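Below is one structure; the comments refer to it alone.
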Amino acid sequence: MPEGHSVQRTANWFNKHLAGSKVRVDSPQGRFTDSAKLVSNRKLIRARAIGKQLFLDFDNKKTVRIHLGIYGKWRYFDSNKVEVVGQVRARFFNAAKLADLRGPTICEVIETELVDQHKKRLGPDPTNPDPKKLNQERFVKRVRASKSAIGLLLMNQSVISGVGNVYRAELLFRAKLSPYRLGSSLSQKQAVELWQDAVMLMKVGVAKGFMVTRQEQLSSRKIHDERNYVYKREGLACLRCRSNVALELMATRKLYYCPGCQK
DNA sequence: GTGCCATGTGAAA
DNA sequence: TTCACCTGGCACC
């Protein structure tokens, strides 16, 4: 489930289980073989998640940069003896743990010093700490200065990083904002609340390991089948106003919203 | 078995 | 604006 919350979890897994040890890196599929050699058997210093990208810093000034794209997936194991099943682009393991990466849009080795350049292109990430509200301020300014639709802005990784199609739809529903409202039409308060809701929802997502946006489920331990208000609920009754949830295309991506309560 | 769909991005036209 | 990338899951035959 590659929105930002799951990348945070991946970074947490790497930091917990592989960081600090020598990590072997293979490419069973073969497409990452040459690059894997550049970092294999080096010590993993740390993993960092920024937006939807994962950076694995090794002790030889090399970093593996990974973006799952729409297909990519991780699988984790409590053993380092695991049969390869299907197309495994990259396999990371030490004596105790193993992670398999399949289908990423990006998996490459870069110089660690280049990570900052990638970082610069990304907007503030709601899953990263923001004690001085600098990230919030960046987001609010950018949105309120923009003539783009808020539905597009939330998908723009230079405006806010880590939000994808599910959180986009759900954040706007929760805010009762039409996806077509221009960023410049949002009040300061609306923009601030949108950011703060993203921070809160993605925090829940990181803790739970999946996206939940229905208010009554946020603090519930129970795992429900239906966790969202509008995402993939086209044609069904809106849970708030009973209008039919709409499905339209916005810049080629599916846009779910409730025309009844998101004016 | 086949075919379609997906939580994404960036290059090409 | 369109297309290519690229893998797995699932509905349907």
Side-chain angles (χ1 to χ4, degrees), chain A residues 1-11 27-33 35 49-55 65-77 82-91 99-108 110 114 117-123 125-127 148-149 151-174 179 197-198 201-214 217 223-235 245 247-257:
Chain A
M1 298 185 196
E3 291 194 25
H5 70 296
S6 68
V7 186
Q8 281 293 332
R9 284 178 67 91
T10 303
S27 179
Q29 178 206 45
R31 289 188 44 191
F32 186 59
T33 304
S35 298
I50 308 168
K52 297 172 188 168
Q53 304 190 33
L54 179 73
F55 298 91
R65 171 177 172 247
I66 293 163
H67 193 305
L68 292 180
I70 207 165
Y71 314 121
K73 277 189 177 59
W74 285 103
R75 279 184 199 167
Y76 311 105
F77 300 92
V82 178
E83 194 187 340
V84 173
V85 179
Q87 301 286 309
V88 176
R89 176 77 59 84
R91 166 169 273 194
D100 273 347
L101 171 66
R102 342 164 80 83
T105 238
I106 293 163
C107 177
E108 64 175 6
I110 61 173
L114 294 181
Q117 289 186 22
H118 288 282
K119 218 173 178 173
K120 263 187 215 155
R121 293 186 208 126
L122 293 169
D125 178 342
T127 64
S148 293
L152 291 175
L153 291 169
L154 290 179
M155 293 290 274
N156 183 337
Q157 299 301 298
S158 74
V159 174
I160 179 170
S161 64
V163 167
N165 207 15
V166 182
Y167 280 131
R168 181 255 301 256
E170 297 295 308
L171 283 166
L172 291 173
F173 177 84
R174 288 168 57 90
D197 204 37
L201 284 183
M202 292 179 77
K203 196 173 196 174
V204 171
V206 173
K208 288 185 185 281
F210 47 81
M211 289 180 271
V212 181
T213 56
R214 288 199 195 179
Q217 293 181 24
I223 297 175
H224 299 77
D225 286 340
E226 302 281 340
R227 300 168 194 163
N228 302 315
Y229 289 107
V230 291
Y231 182 72
K232 281 198 173 159
R233 292 195 71 249
E234 73 273 23
V245 173
L247 168 56
E248 291 167 14
L249 286 183
M250 181 179 259
T252 78
R253 300 300 303 280
K254 287 188 174 179
L255 169 70
Y256 300 85
Y257 73 104

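A, B, ... follow the sequence lines: proteins, then strands. Residue 1 opens every chain. Note that this is a predicted model, so its numbers are computed, not measured.
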Would you kindly give the [atom1]-to-[atom2] distance between [X] and [N], to the nearest whole Å?
X       : N      : atom1 : atom2 : value
L68(A)  : dA6(B) : CG    : P     : 18 Å
K232(A) : dT7(B) : NZ    : P     : 6 Å
L152(A) : dT9(B) : CG    : C1'   : 15 Å
H118(A) : dT9(B) : NE2   : P     : 14 Å
R65(A)  : dT9(B) : CZ    : C1'   : 10 Å
L154(A) : dG8(B) : CG    : P     : 12 Å
R168(A) : dT7(B) : CZ    : P     : 9 Å
I70(A)  : dC5(B) : CD1   : P     : 12 Å

Under 4.0 Å, counting only non-hydrogen atoms across every strand here, what does R121(A) touch: a base, just sugar-phosphate, or nothing? nothing

With a 4.0 Å cut-off on heavy atoms, is Y231(A) in touch with a base, just the backbone sugar-phosphate, or nothing at all?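 It contacts sugar-phosphate atoms only.
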
Among [options], which nucleotide sits nearest the side chain of [X]?
X       : options                : value
M211(A) : dT7(B), dG8(C), dG8(B) : dT7(B)
Q87(A)  : dT7(C), dT7(B), dG9(C) : dT7(C)
Y256(A) : dG8(C), dG8(B), dA6(B) : dA6(B)
R253(A) : dT7(B), dG9(C), dT7(C) : dT7(B)

Residues two or more places apart in sequence or in another chain: which of them pass ring pair (Phe, Tyr, Trp, His ring centres under 6.0 Å) with F55(A)? none

Would a distance-only check, ignoring hydrogens and angles, find a side-chain to backbone donor-acceptor pair under 3.5 Å from [X] to [Y]?
X       : Y       : result
D100(A) : R91(A)  : no
Q217(A) : E226(A) : yes
K203(A) : H5(A)   : no

Give each protein N/O atom lying under 3.5 Å from an N/O atom of nucleotides 2-6 of chain C, with the pair distance.
residue, atom, partner, partner atom, Å
dC6(C), OP1, R31(A), NH1, 2.8
dC6(C), OP1, R31(A), NH2, 2.4
dC6(C), O5', R31(A), NH1, 3.1
dC6(C), O2, Y71(A), OH, 2.5

Reckon [X] has a side-chain N or O less than 4.0 Å from the OP1 or OP2 of [N]?
X       : N      : value
K52(A)  : dT9(B) : yes
H67(A)  : dG8(B) : no
K254(A) : dA6(B) : yes

Which residues share a side chain to side chain contact (heavy atoms under 4.5 Å, CB included) with N228(A), sequence neighbours left out: V166(A), E170(A), T213(A), Y231(A)

For Y76(A), enumerate each residue passing the side chain to side chain contact (heavy atoms under 4.5 Å, CB included) test, keeping only those at least two apart in sequence or located in another chain.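 In terms of side chain to side chain contact (heavy atoms under 4.5 Å, CB included), with neighbours along the sequence ignored, Y76(A) is linked to T10(A), W13(A), W74(A), A99(A).
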
Separation of the [atom1] atoms in [N] and [M], to the nearest angstrom:
N       : M      : atom1 : answer
dA12(B) : dC6(C) : P     : 15 Å
dA4(C)  : dC4(B) : P     : 16 Å
dC5(B)  : dC3(C) : P     : 16 Å

side-chain hydrogen bond (donor to acceptor under 3.5 Å, both in side chains) against R174(A), all qualifying residues, sequence neighbours excluded: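 Partners of R174(A) under the side-chain hydrogen bond (donor to acceptor under 3.5 Å, both in side chains) test: D197(A), Q215(A).
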
Apply side-chain hydrogen bond (donor to acceptor under 3.5 Å, both in side chains) to Q29(A) and list each qualifying residue two or more places apart in sequence or on a separate chain. Q87(A), R89(A)

